[in-house]
*Asks:* 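First the structure, then my questions, so here it is.
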Amino acid sequence: MSFIMRLPAVMQATGLSKASIYNGIKAGTFPPSVKLGERAVGWKSDVIAEWVKTRTSAVA
């Protein structure tokens with residue numbers, strides 16, 4: 001089951017800064033956000049978990 005994570009939670013889960021997350025989105029190396037409203041975005045938790053998993057398995 002997936003839920004929406006807001007930026008502070010994504011930063012905590014990934015260890016990345018806000019700038020690194022948005023630079024990664026622009027570069028195509030980080031999952032894009034989902035628009036929640038006019039001025040709000042979030043990320044699906046399962047997508048972030050999979051991204052973290054692939055990053056940690058690439059390092060190990």
*Asks:* With a 4.5 Å limit on heavy-atom distance, are the side chains of Tyr22 and Lys18 in contact?
*Replies:*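 A side-chain contact exists here, since the closest heavy-atom pair is under 4.5 Å.
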*Asks:* Considering non-hydrogen atoms only, spot the tightest contact between Pro31 and Ile48 and give its length.
*Replies:*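 Minimum heavy-atom contact is CG-CD1, 4.3 Å.
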*Asks:* Do the side chains of Asp46 and Phe3 get nearer than 4.5 Å, heavy atoms only?
*Replies:*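 Side chain of Phe3 against side chain of Asp46, heavy atoms only: no contact under 4.5 Å found.
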*Asks:* Report yes if the side chains of Leu36 and Arg6 come closer than 4.5 Å at any heavy-atom pair, otherwise no.
*Replies:*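 The answer is yes; the side chains approach within 4.5 Å.
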*Asks:* Which distance, rounded to the nearest 0.5 Å, do you find between the CG of Leu16 and the CE of Met11?
*Replies:* 9.0 Å
*Asks:* Is there a side-chain contact between Thr14 and Val52 in this structure, where contact means two heavy atoms from C-beta onward sitting under 4.5 Å apart?
*Replies:* yes
*Asks:* Working to the nearest 0.5 angstrom, can you tell me the gap between Ile25 CD1 and Ser20 OG?
*Replies:* 11.0 Å
*Asks:* Of all the heavy-atom pairs spanning Met5 and Ala13, show the shortest one and how long it is.
*Replies:*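 The answer is CE-CB, 3.8 Å.
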*Asks:* Taking the side chain as every heavy atom from C-beta outward, state whether Trp51 and Val10 have any atom pair closer than 4.5 Å.
*Replies:* no
*Asks:* Is there a path of hydrophobic side-chain contacts, each under 4.5 Å between heavy atoms of I/L/V/M/F/W/Y residues, joining Leu7 to Phe30?
*Replies:*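 Phe30 clusters together with Leu7.
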